[in-house]
Amino acid sequence: MKMCNSSYEFNVTSYRTTATVIITLQAFAGLWINAFIVSVLCIAWVKKRSFNSVEKILLFLGCSRFWYLCFAWVYTFMSTIYSWCIFVHPIPQILAALQSFFDSSNLWFSACLCGFYCIKIANFRHVFFIYLKAKIDKIVPWLLLASVFLSLVFGIAAYDMTDKALYFNSTGKQNSWKLTIRIDEHIIALFVIVVFIFSTAFMVVIFSALLLLFSLWRHKSNMQTNSGKNLGVDVHIKAMKNIMFFLFLYSINFTCLVLTMIYALKKDDVVAFFILVSHYIFPIVHSLNLILSNPKLEKTLLKTLSCVKYKVCRR
């Protein structure tokens, strides 16, 4: 019996160590990609002392994803290596609030980027749409500020829900803490808030994709008499590809969120590991796609990689 228990404990320990190594590599890849975006934009700002609207959104998006991956990795590392820290008040509350804040801001900034592409590229004659197209550069800072405010509200709600779900009782003279999980009503309440925020941002992306698709269809219908290559169609198609790719990644991310809530009460480490890995894919792969779809970022990335390759070959 003792041999079975020791074998089980060894398997659990080795599994958690392997999972931590894989998640660490994944997180640091995402940190590097998003740090690259932020650094390139900051260097560009130092040179020209100004940001256009896309650069503002990309800067906020890169920062939010960088810090989200950072705190998510800290939580994973602490829960695996220093699991006793998770039982120390108020570490779990603070980590939950920070992760929720940056995860929510990541989604809202992504939705802002999709909406910006839609308004800038789509062609409609409605008065309201024409007004948005003319004023979008002035509206973007307010959209970013509203996204930060909504994310802050979500972070405070996550802190409060975690604080209520984790009830601490002081026992004995050693002032040790006994963890009692009261999870049902608090997890449900947090789940409703999370689904509302994710669904709202998701609807923004869906409407942006539909408007772009309709605008592309109208544009192609109007340009059928032109046999030459039309730049407007190419721009529409490029924006559609980016938004559809974002929709695909967002669907994976949303599915992982639902599975995380479902398996919150189940101690299935294997399922939790695959959910966590899939959840990290969204801020990593989408940021890489943003780099490859932006000429300035792509050019800087190729220069950086060529310099690194040259220095490595010289050694």
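For Trp32 and Phe36, the ring centers are positioned less than 6.0 Å apart.
In terms of heavy atoms, Pro283 sits closest to Leu69 at CG-CD2, 3.9 Å. The heavy-atom pair separating Phe129 from Cys118 by the smallest distance is CZ-O, 3.9 Å. Annotation for Val205 and Ala111: closest pair CG2-CA, 4.2 Å, computed over non-hydrogen atoms. In plain terms, the two heavy atoms of Ser110 and Arg65 that are nearest each other are OG-NH2, 3.0 Å. When all heavy atoms are compared, the tightest approach of Ala96 to Ala158 is O-CB, 4.0 Å. Contact detail for Lys120 and Lys133: the closest heavy-atom pair is O-NZ, 3.0 Å.
Asn34 contributes a side-chain N or O that, together with a main-chain N or O of Gly30, makes up a donor-acceptor pair within less than 3.5 Å. Judged by distance alone, with hydrogens and angles left aside, the side-chain atoms of Ser287 form no donor-acceptor pair with the main-chain N or O of Ile284 at under 3.5 Å. Side-chain atoms of Ser100 never come within 3.5 Å of backbone atoms of Ala97 as a donor-acceptor pair (strictly under, hydrogens ignored).
In the hydrophobic clustering of ILVMFWY residues, with side-chain heavy atoms under 4.5 Å counting as a link, Ile119 and Phe128 come out together. Both Leu210 and Phe202 are part of a single hydrophobic cluster, where members link through side-chain heavy atoms under 4.5 Å apart. Hydrophobic clustering of Ile, Leu, Val, Met, Phe, Trp and Tyr side chains at less than 4.5 Å, counting indirect connections, unites Ile291 with Trp45. In the hydrophobic clustering of this structure, Trp142 does not group with Leu152; members are Ile, Leu, Val, Met, Phe, Trp, Tyr whose side-chain heavy atoms approach within less than 4.5 Å, directly or through other members. Note on Leu143 and Val153: separate hydrophobic clusters, where clusters join Ile, Leu, Val, Met, Phe, Trp and Tyr whose side-chain heavy atoms are under 4.5 Å apart, directly or indirectly.
The aromatic rings of Phe102 and Phe71 lie parallel to each other, with less than 30° between the two planes, well short of the 60° mark.
The distance from the CG atom of Leu113 to the CZ atom of Phe60 is 13.5 Å, given to the nearest 0.5 Å. Atom OG of Ser208 sits about 10.5 Å away from atom CE of Met203, to the nearest 0.5 Å. Interatomic distance, CG of Asp103 versus OG of Ser105, reported as 7.5 Å (0.5 Å rounding). Separating the CG atom in Leu211 from the SG atom in Cys114 is a distance of 12.0 Å, to the nearest 0.5 Å. To the nearest 0.5 Å, the span separating CD on Glu55 from SG on Cys42 amounts to 10.5 Å. Rounding to the nearest 0.5 Å gives a distance of 10.0 Å between CG of Leu288 and CD of Glu298.
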Salt bridge (Lys or Arg N to Asp or Glu O under 4.0 Å) evaluation trace for Asp137 with Lys56: CA-CA 10 Å; Asp137 291 325; Lys56 290 175 184 176; over 6 Å; no
Test log, rule side chain to side chain contact (heavy atoms under 4.5 Å, CB included), inputs Tyr68 and Ser64: CA-CA 6 Å; Tyr68 167 72; Ser64 65; over 6 Å; no
Worked verdict on Phe28 versus Thr24 for side chain to side chain contact (heavy atoms under 4.5 Å, CB included): CA-CA 6 Å; Phe28 274 83; Thr24 298; 3.6 Å; yes
Evaluation steps, side chain to side chain contact (heavy atoms under 4.5 Å, CB included), between Phe101 and Val148: CA-CA 8 Å; Phe101 171 77; Val148 172; 4.2 Å; yes
Audit row: Leu290, Leu297, side chain to side chain contact (heavy atoms under 4.5 Å, CB included) steps and yes/no: CA-CA 8 Å; Leu290 290 176; Leu297 293 175; 5.5 Å; no
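Ile43 forms part of no hydrophobic cluster, judged by ILVMFWY side-chain heavy-atom separations under 4.5 Å.
Crowding of Lys48 atom NZ: a count of heavy atoms from other residues, nucleotides or ligands under 6.0 Å exceeding 12. Summarising the local packing, CH2 of Trp67 is surrounded by 12 or fewer heavy atoms from other residues, nucleotides or ligands at distances under 6.0 Å.
Residues Cys112 and Val140 have side chains not in contact (no heavy-atom distance under 4.5 Å, counting atoms from C-beta outward). Side-chain contact check for Tyr117 versus Val54: some heavy-atom pair is nearer than 4.5 Å. For the pair Asn106 and Phe282, the minimum side-chain heavy-atom distance is below 4.5 Å. Side-chain contact between Gln26 and Ile281 is present, with at least one heavy-atom pair separated by less than 4.5 Å. Taking the side chain as every heavy atom from C-beta outward, Tyr75 and Leu98 never approach each other to under 4.5 Å. Ile37 is not listed as a side-chain neighbour of Asn294, based on a closest heavy-atom distance of 4.5 Å or more.
The salt bridge (charged side-chain N to carboxylate O under 4.0 Å, His left out) search around Lys135 returns none, not counting sequence neighbours. With sequence neighbours excluded, no residue satisfies salt bridge (charged side-chain N to carboxylate O under 4.0 Å, His left out) with Lys299.
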